[in-house]
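What follows is a single structure, written as structure tokens, with notes after it.
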Amino acid sequence: MRPWRDHLEADDPLVADGRVGAPDLVAAGTLLRRWADRWGDDPTARLWKEGGRWWTAGEFEATTRRAAGRWRTAGLEPGQRVVWSTGSSVAALAAHVGALRAGLVVVPANPAYSERELAHIVTDVRASAAVVGRPDQAQWVRDATPGPVVVCGPDLDLPDGDPGVLDAAGPDDPALICFTSGTTGAPKGAVLRHRNLLAGVESVTRAWRMSPDDLLVHSLPVFHAHGLVVGAYGTMTAGGSAVLLPAFDPDAVADTVRAEAATLFFGVPTMYHRLVAGGRAPDLARLRLCVSGSAPLPVELHTAVSAAVGSPVLERYGMTETLMNTSNPYDGARRAGTVGFPLPGVEVTLTQGGEVLVRGPNVFDGYFERDAANADAFSDLGDGGGQWFVTGDLGADEDGYLVLRGRSKELIISGGFNVYPTEVEDVLARCPGVAEVAVTGTPSDEWGEEVTAWVVPDGTPPTLDELRAHCAGALAPFKQPRLVRVVDALPRNALGKVVRSRLG
Ligand code: MCA
Ligand code: AMP
């Protein structure tokens with residue numbers, strides 16, 4: 001694969017000093033110190049726009065400082081976990097950054113989660129606090145917590161107090177615990193340390209030339225690494241600004257690009273599909289860069305978006321556990337159907353079976369309190385450079401660019417959200433009228449893959465609506481089946497295990 005220095009400008013210090021070592025990426029220590037420096041240097045710089053109002057860097061800094069004081073006054077100590085289950089807003093980001101500044105560990109969660117899903121996260125990390133958007137979620141958190149727990153809304157409706165020393169977390173301290181299922185099993189928390197976040201953000205901001213002149217149209221959810229780390233942290237680190245949209249809507253995105261003289265848009269393929277289908281992709285022609293990731297961008301969609309926008313979309317490849325791994329280049333050929341080559345500091349290798357392994361300062365070092373899973377997650381190839389993370393993705397090196405060719409892990413990606421077949425099967429198996437069930441992803445132009453339930457009925461087969469109604473208290477809507485297929489039997493191997501790949 002092409003070397004990562006091909007992503008950098010000739011005068012980038014990582015190249016110019018001849019010190020092209022990954023540790024230099026994390027020389028600044030933590031993102032918190034980078035942000036504090038930025039905000040101190042230019043407090044009048046515009047940072048976020050929300051609902052027609054601009055927030056300056058100085059205002060945001062003051063709000064995060066107040067948030068840190070509230071967390072401290074509520075009795076929270078560095079290292080304790082705060083579940084952060086919220087939509088996108090400046091207040092929510094201030095609560096989040098304030099928690100990090102106070103040394104707390106933030107645990108992002110999708111606000112669409114059911115009680116079962118949220119309770120799993122709260123219990124697993126032994127949360128000491130939670131930020132939630134709705135009263136029923138607040139009750140779910142209290143019910144899932146045996147001891148005292150601080151529960152508040154995104155505005156952090158808690159008493160003010162002295163924030164004490166801010167930004168004291170070191171590079172090795174945990175910053176985020178992000179839930180994901182890895183290659184197998186139940187959702188578990190990937191622990192991202194401050195140095196992982198710094199490396200992950202440094203690499204993309206340099207590779208994509210992000211600067212104080214940039215204005216991002218931000219319509220991704222902030223509870224995943226794409227919208228949170230690449231979108232929000234990237235903006236703060238580069239010293240740029242962003243218009244925060246509460247949700248993705250093609251017209252709102254296109255109108256914002258026009259009204260604000262924006263320069264950047266980051267999206268998942270479903271968003272690009274909708275921009276093209278709604279005839280709004282040409283509005284993105286004013287941007288200097290459109291990035292796609294989180295799911296495969298089909299070549300036809302890449303071609304359609306690039307033609308409408310007038311420059312090639314840049315596709316990149318990331319994971320919760322590793323942040324961003326590879327990217328097509330800012331300068332040079334962006335090849336449709338590929339995810340480019342390693343970002344600065346990242347090493348990528350392929351096993352004989354084509355499995356993608358990654359290593360670098362961006363890569364996490366384990367799931368929260370999961371020794372068995374951690375033993376399986378890493379592989380030592382004996383090259384003396386340390387452990388490689390096993391991604392569960394399959395790929396090939398085509399002329400220096402990584403092409404992803406499927407996955408060894410059982411995962412459905414619908415609209416950029418991950419769905420694990422076993423989790424959905426476990427819920428559907430208890431639905432009346434279901435004798436046996438298997439779940440797969442059916443290719444879809446809009447969603448990438450659509451969750452599909454293959455049902456062996458017990459009597460009258462349940463309808464799709466009945467299956468979805470059964471899932472309601474247990475699974476977020478994006479995990480619920482969109483298609484149902486009634487079959488006489490499920491394909492099984494010699495050991496009796498269902499072979500999902502033979503369905504469809
Ligand atoms: C919403 N629904 C979905 C999805 N999203 N169903 C399946 N798959 C989905 N992704 C449900 C809604 O709950 C609703 O259900 C129904 O579909 C219709 O919703 P609609 O309004 O059409 O959808 P939407 O709300 O506009 O959402 C579509 C979306 C959204 C904007 C594409 O899914 C999205 O923001 N995706 C981005 C995901 C993302 O950021 N992934 C990054 C993770 P009902 O009718 O029952 O209420 S991966 C990552 O972070 C790594 C590091 C990486 O590489 O980036
Ligand atoms: P998550 O666990 O939500 O972080 O999802 C990570 C997974 O998303 C990766 O392991 C890939 O399977 C997939 N992914 C991310 N970006 C891309 C991309 N550009 N093309 C194909 N798959 C991707």
Side-chain angles (χ1 to χ4, degrees), residues 81-89 91-93 95-96 99 105-125 127 129-141 144 151-154 176-182 186-192 218-233 244-248 266-268 270-271 293-295 318-321 323 367-368 411-424 426-427 441 447-451 468 471-482:
R81 275 81 60 198
V82 178
V83 171
W84 185 67
S85 171
T86 161
S88 184
S89 68
L93 285 174
H96 175 114
V105 181
V106 179
V107 186
N110 187 333
Y113 282 154
S114 64
E115 176 171 9
R116 186 190 66 86
E117 293 161 313
L118 184 62
H120 170 73
I121 292 174
V122 167
T123 317
D124 195 84
V125 301
V131 176
V132 293
R134 300 196 317 258
D136 56 340
Q137 293 167 327
Q139 194 54 46
W140 297 347
V141 171
V151 185
C152 56
L176 299 178
I177 300 181
C178 298
F179 274 73
T180 177
S181 282
K188 41 194 175 287
V191 181
L192 290 161
H218 191 306
S219 64
L220 283 159
V222 285
F223 47 81
H224 280 306
H226 194 170
L228 181 66
V229 179
V230 184
Y233 293 1
L244 275 188
L245 298 176
F248 173 78
F266 301 157
V268 299
T270 301
M271 294 178 175
S294 305
M319 280 187 83
T320 301
E321 293 92 332
L323 304 174
Y367 300 101
F368 187 70
L411 167 67
I412 300 166
I413 306 184
S414 169
F417 286 136
N418 288 1
V419 182
Y420 301 93
T422 49
E423 187 184 11
V424 183
D426 287 348
V427 173
W447 295 103
E449 293 178 280
E450 285 184 291
V451 176
R468 288 178 66 92
C471 293
L475 296 172
F478 71 89
K479 297 182 190 173
Q480 299 175 14
R482 286 180 171 268

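Quick caveat: nothing in here was measured; it's all calculated off a predicted structure.
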Does any part of the side chain of [Y], heavy atoms only, come nearer than 4.5 Å to the side chain of [X], both counted from C-beta?
| X | Y | result |
| --- | --- | --- |
| S88 | P246 | no |
| S181 | N418 | no |
| S414 | F478 | no |
| V419 | E449 | no |

Note to self: How long is the straight-line distance from OH of Y420 back to CD1 of I412, given to the nearest 0.5 Å?
What the structure shows: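 Nearest 0.5 Å value for the CD1-OH distance: 10.5 Å.
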
Notebook entry, point to check: What distance separates N110 CG from K479 NZ, expressed to the nearest 0.5 Å?
Noted result: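 That separation rounds to 8.0 Å.
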
Please check: side-chain N/O of [X] versus main-chain N/O of [Y], any donor-acceptor pairing under 3.5 Å?
| X | Y | value |
| --- | --- | --- |
| S219 | F248 | no |
| E115 | G473 | no |
| E117 | S114 | yes |

Margin query: Test of understanding: with side-chain contact (heavy atoms from CB on, under 4.5 Å), list the residues that count as partners of A119, not counting sequence neighbours.
Written below: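 side-chain contact (heavy atoms from CB on, under 4.5 Å) list for A119, sorted by chain: A144.
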
Note to self: Holding to side-chain contact (heavy atoms from CB on, under 4.5 Å), I want the full list of residues that pass it with Q137, two or more places apart in sequence or in another chain.
What the structure shows: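 If we apply the side-chain contact (heavy atoms from CB on, under 4.5 Å) test to Q137, skipping adjacent residues, the hits are S85, P111, L118, V132, R134, W140.
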
Notebook entry, point to check: Less than 4.0 Å between a side-chain N and a carboxylate O, is that true for R116 and E423?
Noted result: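 Yes, charged N to carboxylate O under 4.0 Å.
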
Margin query: Tell me which one of V82, I177, V191 satisfies side chain to side chain contact (heavy atoms under 4.5 Å, CB included) with V125.
Written below: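 For V125, the side chain to side chain contact (heavy atoms under 4.5 Å, CB included) test succeeds with only one of V82, I177, V191, which is I177.
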
Next item on the list: Only counting residues at least two apart or in another chain, list the ones meeting ring pair (Phe, Tyr, Trp, His ring centres under 6.0 Å) with W84.
Entry: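 In terms of ring pair (Phe, Tyr, Trp, His ring centres under 6.0 Å), with neighbours along the sequence ignored, W84 is linked to H96.
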
Note to self: Is the ring pair F417/H224 parallel, tilted or perpendicular, if the boundaries are 30 and 60 degrees?
What the structure shows: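 F417 vs H224 ring planes: tilted.
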
